[in-house]
Structures are given as structure tokens and as C-alpha cells.
Colleague: 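Input: one structure, supplied below.
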2 protein chains.
Amino acid sequence: MHDILFDFISKYISLTEDEKNVILSFNLFRAVKKGTILLKEGQYSKDSYFVLKGCIRTYYITDGEEKTTAFYTEMEALTPPCVVTQTPSEYYVTCIEDTILTVSNADMEAEVNSKFPKFDTMCKMLSEELLAKERIDFNEFKISSPEQRYLNLLEKRPDLIQRVPQHQLASFLGIKPQSLSRLRGRILEKKS
Amino acid sequence: MHDILFDFISKYISLTEDEKNVILSFNLFRAVKKGTILLKEGQYSKDSYFVLKGCIRTYYITDGEEKTTAFYTEMEALTPPCVVTQTPSEYYVTCIEDTILTVSNADMEAEVNSKFPKFDTMCKMLSEELLAKERIDFNEFKISSPEQRYLNLLEKRPDLIQRVPQHQLASFLGIKPQSLSRLRGRILEKKS
DNA sequence: TTAACTCATTCACTTTAGTTAAGAAATACG
DNA sequence: CGTATTTCTTAACTAAAGTGAATGAGTTAA
């Protein structure tokens with residue numbers, strides 16, 4: 001399990017055995033059951049997550065209705081905005097599968113960085129990369145119709161369509177579950 | 001003009017006069033005429049932009065049609081994804097007003113960082129903050145209708161609605177210019 | 001095992017966005 | 001200055017998404 005984390009880190013910086021041990025000393029790994037809520041609306045939090053196995057999901061509740069906005073799966077990291085802004089969270093984070101993840105926080109990050117400053121450099125590279133990716137995803141979302149978004153997802157993240165319930169997928173695509181059903185029917189008709 | 005940049009930087013780290021001079025030695029400031037294209041589709045680039053005054057805009061061209069996805073105004077920074085991924089750019093960057101900005105690149109960043117490593121720390125903080133902001137914006141976009149998006153923009157970025165042409169604003173909101181016109185008419189009717 | 005829920009699909013209907021076209025207003029340019 | 005071009009608005013029509021309700025499948029819990 002540790003290897004997955006260190007393989008990931010090695011994409012950015014190289015670590016000595018000593019440095020790896022510093023990181024392991026924090027006991028970051030957690031096994032979390034499906035359905036567990038990691039963060040609730042209104043809560044303050046300092047925790048960042050990195051998914052080793054499984055899937056976590058972020059959602060808002062407006063007018064009593066869940067609105068799913070994102071999924072994070074293997075090798076993906078989430079630092080909820082409330083951690084950065086130090087304000088109460090506007091959304092929920094939950095596990096939609098039994099999940100293994102690391103939970104870290106700013107204090108731990110500061111301590112690691114004081115021991116080997118290249119850790120900050122890795123964080124910089126990672127968040128620049130994630131920002132670029134997020135902006136591309138946002139742009140593609142804006143310039144696409146719901147149908148194009150679905151087809152795009154089918155191509156780029158076919159796993160998500162398998163492992164995620166339809167109604168969560170729908171709101172992730174910015175539409176209602178009924179519209180997703182209909183849209184899929186439309187696509188099937190076109191093919192035939 | 002320099003003060004705007006240093007005021008911005010001071011939100012993250014404090015700089016000595018010597019350090020400021022290192023940054024100034026790079027001659028980063030550019031005055032750019034309205035309509036100038038800073039980056040074209042297909043180009044490789046290493047340049048990041050920070051807007052001191054004016055407004056820059058990113059857009060795709062698909063089926064011969066411009067699709068505007070973002071605006072960056074005073075005190076906002078853009079590192080195009082192609083800079084991070086080192087691939088040809090998928091979109092254009094242009095100035096929609098006479099604009100004053102700084103143009104920096106990874107080489108310059110590395111040199112500054114070798115002289116005072118806290119520069120990396122600032123970049124980390126900045127991109128973490130921008131990532132959190134981008135994700136919130138994306139989430140809000142997903143859970144809102146075009147009309148809600150427009151009303152939201154009216155509240156949060158009223159300046160954009162004034163300074164940006166309607167047809168660019170429309171695609172920024174994920175709809176066609178005709179739909180934006182109609183939608184605005186609808187809102188006016190409701191008020192009366 | 002049955003009863004209660006949740007989830008996905010379908011349908012009819014309403015609302016809104018896309019499309020095409022036309023004209024008015026604003027802007028750019030010779 | 002007037003002409004050309006671009007931009008914005010309006011309108012009629014089409015296509016797609018939202019809404020509310022019904023159904024059936026699958027799951028959970030008593």
C-alpha cells in the first residue's frame with residue numbers, strides 16, 4: 001500500500017529511505033467503509049486526502065437535494081477549499097466505495113517540509129498540475145453540451161460510468177437523472 | 001506599477017529590497033494593446049501572465065467558432081495548461097483591453113527560487129489557493145442553471161458584465177449569445 | 001418473507017436553450 | 001464622413017432539459 005504513495009511522490013521528487021520513514025511516521029493511512037462521511041457542510045477541517053484505492057465524492061445539499069460535483073479515485077488528491085480558506089465547508093465529502101486513503105494536514109506538511117524542503121517543491125508542482133487539469137476540465141465542460149460531456153466521459157473515464165450511481169453521475173454532468181436516462185437512449189438510437 | 005505586483009506578493013511572503021530588485025531585474029512588465037494575441041492554438045509556450053491592469057481572455061476555436069472560457073483581470077494570474085504539460089496549446093489567449101501585465105517563465109522562476117527559496121513557497125500557496133477557487137467556481141457552475149450563473153456573475157463580478165462583450169460573456173456562461181439576450185429579457189420581466 | 005426505500009427508466013408536459021434568419025445599433029476603417 | 005463589419009436583439013421554430021408522476025427492479029431492514 002505504501003508503495004502506491006511513494007510511486008506517486010516519485011513522479012515529482014526522489015526520496016531517501018530516511019525521508020520515506022519520516023512520512024510513514026505520521027501514520028497517514030486509513031481504511032474507510034463505503035458510506036463514511038469524511039467532511040460535512042459547516043465543518044472546519046485541515047485535512048487533505050489522497051486516494052490509494054476506492055472512490056470519494058463531493059456533494060452539496062441545496063433545497064434538500066444532493067448535487068454531486070466531483071469524484072476522486074486512485075492516485076487523485078483532494079484538498080477541500082475550506083482547508084485553504086479556513087472557512088466552514090460548503091460541501092460534503094463521502095466514500096462511495098470501501099476506500100483506502102491517506103489523510104494529511106497542514107501541520108504535518110509543515111513538519112515534513114522543515115525536514116526536507118523539496119516537499120514544498122513537490123506540493124507546488126502537484127497543485128500547479130492539478131490547477132491546469134482543473135481548468136481544462138472546466139473549459140471542456142463549458143464548451144460542451146450534456147451529451148458531449150457524457151460521450152467525453154465515456155471515452156476518458158469509462159470506469160466512473162461503471163462504478164458511480166446514475167443519479168450522481170447526472171449531477172456530475174450538470175443535468176437531472178431523467179435527462180441522463182433519456183440522453184443515453186438517444187445515443188443508443190443514433191448508433192443503430 | 002511595480003507596487004501592484006509587490007503588494008500582491010506581500011500577501012504570501014515578505015521580500016527584502018534586494019529580493020525585490022532580483023525580481024525587477026528580469027524586466028517582466030509589458031504594456032499590451034487591446035486585441036493582441038499572447039498565445040495561439042498549437043504554440044508551445046513557457047510564459048505565465050499576471051494582470052496588473054486590463055483584461056485577458058482565453059478562448060477555443062471549434063468549428064470555426066470562438067468559445068470563450070475565462071477572463072483574467074487585475075491581480076489575477078494565468079499559467080496556460082500547455083506551459084505545465086509542455087504540449088501545444090489548445091486555446092488562444094488575447095487582450096480584450098489595453099493591458100499591463102507581467103510575463104514570467106519557469107526559467108526565471110527557477111532562478112529566483114535559487115536566490116530565495118521562499119519564492120517556491122509562495123508559488124505553492126498561490127496555486128493551492130487558485131486550485132481551491134477554480135474548483136469552487138466549477139462546482140457552482142455545475143449545480144447552477146444558465147440564469148443562476150448569470151445572476152451569480154452579476155453579484156460577484158459586476159465589472160465583467162460591463163467590460164466584456166455579450167457574445168464572449170455568453171460562451172463564458174456556457175450558452176449562446178441569443179440565449180443570453182433572451183435570458184436577460186426574462187429577468188427584467190420578472191422584476192417588473 | 002414482506003414491507004419500505006432507493007434507484008433507474010419512461011411518459012406527458014412545461015420551460016429553456018439551440019438554430020436560423022432578419023434587422024438595428026455600435027464600432028472600425030478607409 | 002460614410003461604408004463595412006461586428007455585435008446585439010428579436011422572432012419563429014426545433015431540440016433538449018426540467019418537472020411531476022408512475023412503474024418496476026434492486027436493496028435494506030423489520
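Residue numbering restarts at 1 for every chain, and letters A, B, ... go by the order of the sequence lines.
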Colleague: Could you check how far CD of A:Gln166 sits from P of D:dT27, rounded to whole Å?
Modeller: 14 Å
Colleague: Between C1' on D:dT9 and NZ on B:Lys176, what's the gap in Å once rounded to a whole number?
Modeller: 17 Å
Colleague: Please report, rounded to the nearest Å, how far the C1' atom of D:dT9 is from the CZ atom of B:Arg186.
Modeller: 15 Å
Colleague: What's the shortest heavy-atom distance between A:Lys142 and B:Ser171, and which atoms?
Modeller: CD-O, 4.4 Å
Colleague: Under 4.0 Å between a side-chain nitrogen and a carboxylate oxygen: does that hold for B:Arg57 and B:Glu97?
Modeller: no
Colleague: Find the distance between NZ (A:Lys115) and CD (A:Glu19) and round it off to the nearest 0.5 Å.
Modeller: 11.5 Å
Colleague: Specify the separation, in whole Å, of atom CG of B:Leu183 and atom C1' of D:dT9.
Modeller: 14 Å
Colleague: Whole angstroms only, please: what is the CG-C1' distance between A:Asp63 and D:dG18?
Modeller: 14 Å
Colleague: What's the spacing between A:Lys53 NZ and A:Leu101 CG if we round to 0.5 Å?
Modeller: 12.5 Å
Colleague: Look at B:Ser181 and D:dT9 and indicate whether a side-chain polar atom (N or O) is within less than 4.0 Å of OP1 or OP2.
Modeller: yes
Colleague: Using the heavy-atom set of chain A and a strict 4.0 Å cut-off, write down the first and last nucleotide of DNA chain C that makes it in, 5' to 3'.
Modeller: C:dC7 to C:dT10
Colleague: If you count heavy atoms of other groups shown closer than 6.0 angstrom to NZ of A:Lys20, is the number above 12?
Modeller: yes
Colleague: Closest to the A:Gln178 side chain: D:dA21, D:dA12, D:dC8?
Modeller: D:dA21
Colleague: Would you name the heavy atoms of A:Gly42 and A:Pro88 that are closest together and state the gap between them?
Modeller: O-CB, 3.4 Å
Colleague: Taking CD from A:Glu65 and C1' from D:dG18, how many angstroms apart are they, rounded to a whole number?
Modeller: 11 Å
Colleague: Select from B:Arg182 and B:Gln168 the residue whose nearest nucleotide in DNA chain D is closer to the 5' end of that strand.
Modeller: B:Gln168
Colleague: To the nearest angstrom, how far is A:Lys34 atom NZ from D:dT27 atom C1'?
Modeller: 10 Å
Colleague: Output yes when A:Glu109 and B:Lys124 qualify as a salt bridge under the 4.0 Å nitrogen-oxygen rule, no when they do not.
Modeller: yes
Colleague: Rounded to whole Å, please give me the gap between CG in A:Leu180 and C1' in D:dA16.
Modeller: 14 Å
